[in-house]
Structures are given as C-alpha cells and as structure tokens.
Amino acid sequence: MVRGKLQRLKGYINTETDSVQRIPKDGPDPEQEKTSSFPFSYEKKWYDFGFELHFYEGEYSLIRRKTYPVSSFHGSSAFSDLFHVHKQWQEEEEDHPLSLKGVDLEDLLFFDTETTGLSSGAGTTIFLMGYSRIKGDQVEIVQHFMPGPASEAAFFHGFLTDFSDTNQLVSYNGKAFDWPHLKSRHAFVRNEVPKLPLFGHYDLLHAARRLWKAELPSCRLSIVEEEKLNVKRVNETPGSLAPILYFEYLNHEDPEELLGIFKHHEWDVLSLIVLFSRISQRLLHMPHVQTTGREHLEMGKWFEQAKNSQQAEAHYVKALEYDGGIRQEAYVKLGHIYKKQKNPEKAREFFEKSLTGTGESKAAREAYEELAKLIEHQDKDYEKALVYTNLAIESEKKISRLLRSHKPKTEGLLKRKTRLEIKIEKWGDSQ
DNA sequence: CAATAATAGGAAAGCGCACC
DNA sequence: GGTGCGCTTTCCTATTATTG
C-alpha cells in the first residue's frame with residue numbers, strides 16, 4: 001500500500017501503477033487523464049480555484065495569482081495605509097529596524113510557508129509558499145503549491161524565478177522558521193534551480209513582541225490579529241491542520257480540503273501587510289491610530305535601543321499622559337535619558353516626579369537609587385543620599401515580598417549605605 | 001517535536017572623577 | 001599626578017516564545 005503511494009507520488013506520468021478504484025468516483029475519467037495535458041486528477045477543481053500549471057524539466061507545480069485593490073480592507077486597515085507609512089519612513093533621519101527608508105515599496109514580499117510539520121527534521125517539507133506584495137494599485141498574492149514530493153524542483157523553480165535580488169522579506173517568525181526551513185529544502189534541489197537570493201528580512205514577530213509582550217497573553221499571529229488588527233478569520237483552516245490535510249491530499253489527490261489552507265495562507269500574508277502598517281503608524285506617530293500608554297513605553301525602549309534618543313524621548317513623553325504605573329515608568333525612563341545627556345538637574349526632576357502618587361514598584365526602586373546617586377555626587381548631601389538609599393532598600397524588600405520570582409538584590413544598595421555612613425562619620429553633616 | 005533570535009540579567013572591562 | 005572606586009558600556013550566557 002505504501003509502495004503504491006510512493007510510486008504514485010514519484011511520477012505522475014506513470015498512471016499504470018494506479019488502480020482504477022483508487023481514483024475517486026467524482027474524479028476525472030482515467031482514460032481522459034492519460035491523454036490530458038494536465039498531469040493530476042481534479043483538473044477542473046484546480047482551475048476553478050485559480051491555479052495555473054508551472055512546467056519545469058518534466059515536472060509541475062501549481063501557481064495561483066490573485067489581486068485585490070489596495071483600497072480594500074483587511075480587518076480595520078486598508079492595504080493602502082502602507083503607502084503613507086512608506087512615505088513617512090522616508091522622512092526619518094535615524095535608522096530603525098522597521099525603517100523602509102531607501103526601500104522600494106514594491107520590493108517587499110510579505111512571505112509565509114505551509115509545511116508538513118514544525119520540526120525541521122528531514123521528514124518535514126514545504127508544500128505551499130508565497131507572498132503578498134504591492135503592485136501598482138493592486139495587492140497581489142502569489143501562492144506556489146507542490147503537488148507531490150517529485151515536484152520539488154519545479155516548485156522551487158517557479159518560486160525563485162519570480163523576483164529580484166532587491167526584494168526584501170517580511171515574515172512572522174520567518175527568521176527562525178520559514179527561511180531556514182526553505183534553505184534546507186532548497187539544498188535538495190540546488191543543482192536544478194536558481195540560487196537563493198540574499199534578502200533583507202523584517203521579522204514582525206519580534207516587532208510585535210516588543211510592543212505587546214506585556215499587554216497580550218501571547219504574540220501568536222492569531223492573537224495579534226484579533227486584538228490589534230480586528231481581523232476575524234472566516235472560511236479558513238488553522239495552520240495546525242495543514243500537515244494532515246496535505247498528507248490526505250497526497251493519498252486521494254482531491255484538493256478540496258486544501259482550500260481552507262490556501263485561504264489560511266492568504267490571510268497570513270495579507271495580515272503581514274496591515275501589521276507592518278499598524279506598527280509603523282504607531283512608531284511614527286501617525287494620526288488615527290489608537291495607541292496605548294504601554295505601547296508608547298515599549299516603543300520608547302525600542303528607539304532607545306536603536307540609539308534614537310529623540311524618538312525614544314517623544315514616546316516616553318507621550319506615555320506620561322497615561323495611568324499611574326505607565327507614567328511612573330516613563331518618568332524614570334526620561335530621567336535616564338536626561339542623565340545620559342549630561343543634564344543631571346532635569347534627570348533629577350524626572351526621577352522625583354516618578355515618585356509622586358504611585359506606590360512600590362521596580363520603577364520606584366530605580367528612582368530612589370538614581371536619586372541617591374545624583375544627590376551624593378552632585379549635592380554631596382550624604383544625609384539625604386542615605387535617606388534615599390534606605391528608601392531604595394525598603395522598596396527592594398517590598399518588591400521581592402510582592403513578586404515571588406524577584407530575588408532581592410540589595411548588595412549594591414547596602415554597599416552604598418555603608419559608604420555613605422562612613423562619609424557622614426568622617427565629615428559629619430553635609431559640608 | 002527543532003531551530004532561531006531577541007531579551008534579560010550578570011560578569012567583565014573601560015572610563016572618568018575624586019581623593020590623597 | 002597616580003591610584004582606586006563607582007558608573008557605564010559591552011560582551012556573554014541562559015531563557016523564552018513562535019512557526020505548521
């Protein structure tokens with residue numbers, strides 16, 4: 001039985017080994033199948049689904065191209081938002097991981113694959129890969145389908161002959177999953193097909209995590225879609241069923257059940273477009289995007305890490321408008337920025353402001369310690385510095401009592417305390 | 001199930017300031 | 001003017017979360 005299956009997969013031209021009863025009742029007439037130029041069963045269905053044959057060195061893959069106007073919506077965003085976002089990125093002075101400065105918008109490939117499993121062992125293959133992209137005033141979706149293991153070269157050939165080396169990938173966890181996977185599968189057919197291009201690669205999983213790690217229960221694409229894009233998926237099959245459905249397809253050749261997977265893949269690559277837009281709109285302070293205080297805070301951190309303190313400051317300042325905990329954190333972050341900018345007076349002002357109102361927190365602990373430092377070295381008011389050091393120690397203790405996971409790190413603070421006590425001992429009060 | 005990359009936290013190294 | 005200490009930056013490591 002298994003042997004028969006393998007043989008069937010190996011060469012579609014060889015219909016001799018296929019028993020008649022294995023062809024489903026509503027399948028094509030076996031007589032016709034032999035003479036037809038279409039190498040698989042269910043020719044009509046494939047055409048109805050919009051797929052075209054791709055022929056390469058005696059093998060075949062299937063390709064579907066589909067377009068929507070850029071004015072159409074996906075969730076609560078229009079694809080055309082990307083135009084504005086792209087334009088806005090050109091205005092930015094400093095670099096950022098998501099920046100599109102100098103990138104041709106139509107070079108972006110919003111890319112995803114469907115595979116026969118998660119493990120990257122030898123048994124797992126890619127059977128569907130493709131992308132969405134902007135083409136003029138249309139969004140184009142290109143899907144390459146591998147109709148069987150014997151078609152991998154044609155499958156890759158169709159995919160690889162379609163774009164240029166200026167293309168850039170945009171994916172969700174593609175850096176860790178899709179691309180390495182694609183590379184390892186490509187190795188099997190590398191002699192027969194073009195080389196893999198060396199892409200620039202934006203991975204939106206990491207962008208999403210940066211913004212929403214604290215806010216969302218998980219940063220899985222489906223959750224992000226629901227919470228941040230208002231995308232409600234209909235008529236699609238979850239990706240987790242892809243392996244089973246593909247194996248079933250290989251048995252009976254009826255693509256009907258794969259329709260939901262094609263839809264799923266389409267949703268994925270379309271969501272990537274609007275996700276890219278949504279995140280960029282927030283990063284660039286573009287209007288009409290509801291942005292939370294937490295998001296501003298996280299974006300501030302992101303810009304800070306990208307060494308763009310101007311944008312970092314802008315987002316932290318925005319975060320000041322939100323509720324207690326957020327505002328407190330933002331004050332502390334701003335304090336650090338001004339401290340780095342050699343403006344200790346302003347730094348101190350912001351650390352102090354962070355302590356008004358809100359109770360114990362890591363931010364408060366941080367502020368106490370920073371104030372102790374500034375007062376010791378600027379004012380040389382050792383008594384007062386000692387007071388803040390003790391407050392920091394108290395704060396640290398309370399936090400570790402509150403958060404079981406947090407192990408107290410008072411070592412540095414205690415060191416500071418004894419040093420200050422010695423100084424006071426030596427010189428009495430602040431001179 | 002595997003691979004990957006970002007991140008957080010810690011250790012180590014470089015830098016600047018104060019003190020003698 | 002040399003020395004030591006505290007502070008910041010950088011480097012390294014372990015952990016975590018996502019993909020079909």
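As the structure is a computational prediction, the values presented were derived from the model and not from experiment. A, B, ... follow the sequence lines: proteins, then strands. Residue 1 opens every chain.
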Asker: Tell me whether the OP1 or OP2 atom of C:dC7 has a side-chain N or O from A:R416 closer than 4.0 Å.
Answerer: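 So the side-chain polar atoms of A:R416 do come within 4.0 Å of the phosphate oxygens OP1 or OP2 of C:dC7, strictly under.
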Asker: If the cut-off is 4.0 Å, is A:S218 near the phosphate of C:dT18, judged by side-chain N/O to OP1 or OP2?
Answerer: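 A:S218 to C:dT18 OP1/OP2: side-chain N or O found under 4.0 Å.
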Asker: Find the partner of C:dA14: check Watson-Crick (N1-N3 plus N6-O4 or O6-N4) and G-U wobble (N1-O2, O6-N3) distances, both under 3.5 Å, and reply none if neither fits.
Answerer: B:dT7
Asker: Heavy-atom count around A:E91 CD within 6.0 Å, excluding the residue itself: above 12?
Answerer: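 Result for CD/A:E91: enclosed.
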Asker: May I ask you to check if A:K353 and A:F350 form a cation-pi contact, with NZ or CZ under 6.0 angstrom from the six-membered ring centre and within 45° of the axis?
Answerer: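 Yes, a cation-pi geometry.
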Asker: Choose from C:dG6, C:dC7, C:dG20 the nucleotide whose nearest atom is closest to any side-chain atom of A:K339.
Answerer: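 The nucleotide sitting nearest to the side chain is C:dC7.
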Asker: Below the 4.0 Å mark, does C:dT8 have OP1 or OP2 next to a side-chain nitrogen or oxygen of A:K373?
Answerer: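 Yes.
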Asker: Does OP1 or OP2 of C:dT18 have a side-chain N or O of A:K175 closer than 4.0 Å?
Answerer: no
Asker: Could you state the CD-P distance from A:Q378 to B:dA18, rounded to the nearest angstrom?
Answerer: 11 Å
Asker: For B:dT7, take OP1 and OP2 only and decide whether either is under 4.0 Å from a side-chain N or O of A:Q305.
Answerer: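 It does, given that an N or O in the side chain of A:Q305 lies less than 4.0 Å from OP1 or OP2 of B:dT7.
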Asker: It should be established whether A:R209 places a side-chain nitrogen or oxygen under 4.0 Å from OP1 or OP2 of nucleotide C:dT16.
Answerer: no
Asker: Would you mind telling me which of C:dG20, C:dT18, B:dT7 lies closest to the side-chain atoms of A:R210?
Answerer: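 Between C:dG20, C:dT18, B:dT7, the one nearest the side chain of A:R210 would be B:dT7.
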Asker: Classify the ring geometry of A:W179 against A:H201: parallel below 30°, tilted from 30° to 60°, perpendicular beyond 60°.
Answerer: perpendicular
Asker: Quick check for you: among C:dT10, C:dT18, B:dC1, whose closest atom lies nearest to any side-chain atom of A:L118?
Answerer: B:dC1
Asker: NA contact type, A:L221, heavy-atom cut-off 4.0 Å: base, sugar-phosphate, or nothing?
Answerer: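 Sugar-phosphate, no base atom in range.
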Asker: Please give the nucleotide sitting opposite B:dC1 as a Watson-Crick or G-U wobble pair, both distances under 3.5 Å, or none.
Answerer: none
Asker: For the ring pair A:F199 and A:F163, is the centre-to-centre distance below 6.0 Å?
Answerer: yes
Asker: Measure CH2/A:W302 against P/B:dA8 and give the value in whole Å, please.
Answerer: 13 Å
Asker: Atom CD of A:E376 to atom P of C:dC7: distance rounded to whole Å?
Answerer: 7 Å
Asker: Students often get this wrong, so: under 4.0 angstrom with heavy atoms, is A:T113 touching a base, only sugar-phosphate, or nothing?
Answerer: sugar-phosphate
Asker: Hey, can you tell me if A:Y56 and A:H54 have their rings parallel, tilted or perpendicular (30° and 60° cut-offs)?
Answerer: parallel
Asker: Can you check the A:D112 CG to C:dG20 P distance for me, whole Å?
Answerer: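 Answer to the nearest Å: 5 Å.
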Asker: Nearest to the side chain of A:D268, which nucleotide is it out of C:dG20, C:dT19, B:dA3?
Answerer: C:dG20
Asker: Can you measure A:H206 atom NE2 to C:dT15 atom P for me and round it to whole angstrom units?
Answerer: 19 Å
Asker: For a quick test of reading the model: is some side-chain N or O of A:R220 closer than 4.0 Å to OP1 or OP2 of C:dA17?
Answerer: no
Asker: Which nucleotide in the set B:dT4, C:dG6, C:dG20 lies at the smallest distance from any side-chain heavy atom of A:K415?
Answerer: C:dG6
Asker: Tell me the interatomic distance from A:Y382, atom OH, to B:dC19, atom C1', rounded to whole angstroms.
Answerer: 10 Å
Asker: Quick check with a 6.0 Å cut-off and a 45 degree axis cone: is A:R185 positioned over the face of A:F188's six-membered ring?
Answerer: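 Output yes; distance and angle both within limits.
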Asker: Any side-chain N or O of A:K301 less than 4.0 Å from the OP1 or OP2 oxygen of B:dT7?
Answerer: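 Checking A:K301 against B:dT7: no side-chain N or O falls below 4.0 Å of OP1 or OP2.
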Asker: Just the rounded figure in Å: distance from C1' of B:dA18 to NZ of A:K423.
Answerer: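 Going from NZ in A:K423 over to C1' in B:dA18 covers 8 Å.
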Asker: In whole angstrom, give the distance that lies between atom CH2 of A:W179 and atom P of C:dG20.
Answerer: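 So the CH2-P distance, A:W179 to C:dG20, works out to 16 Å.
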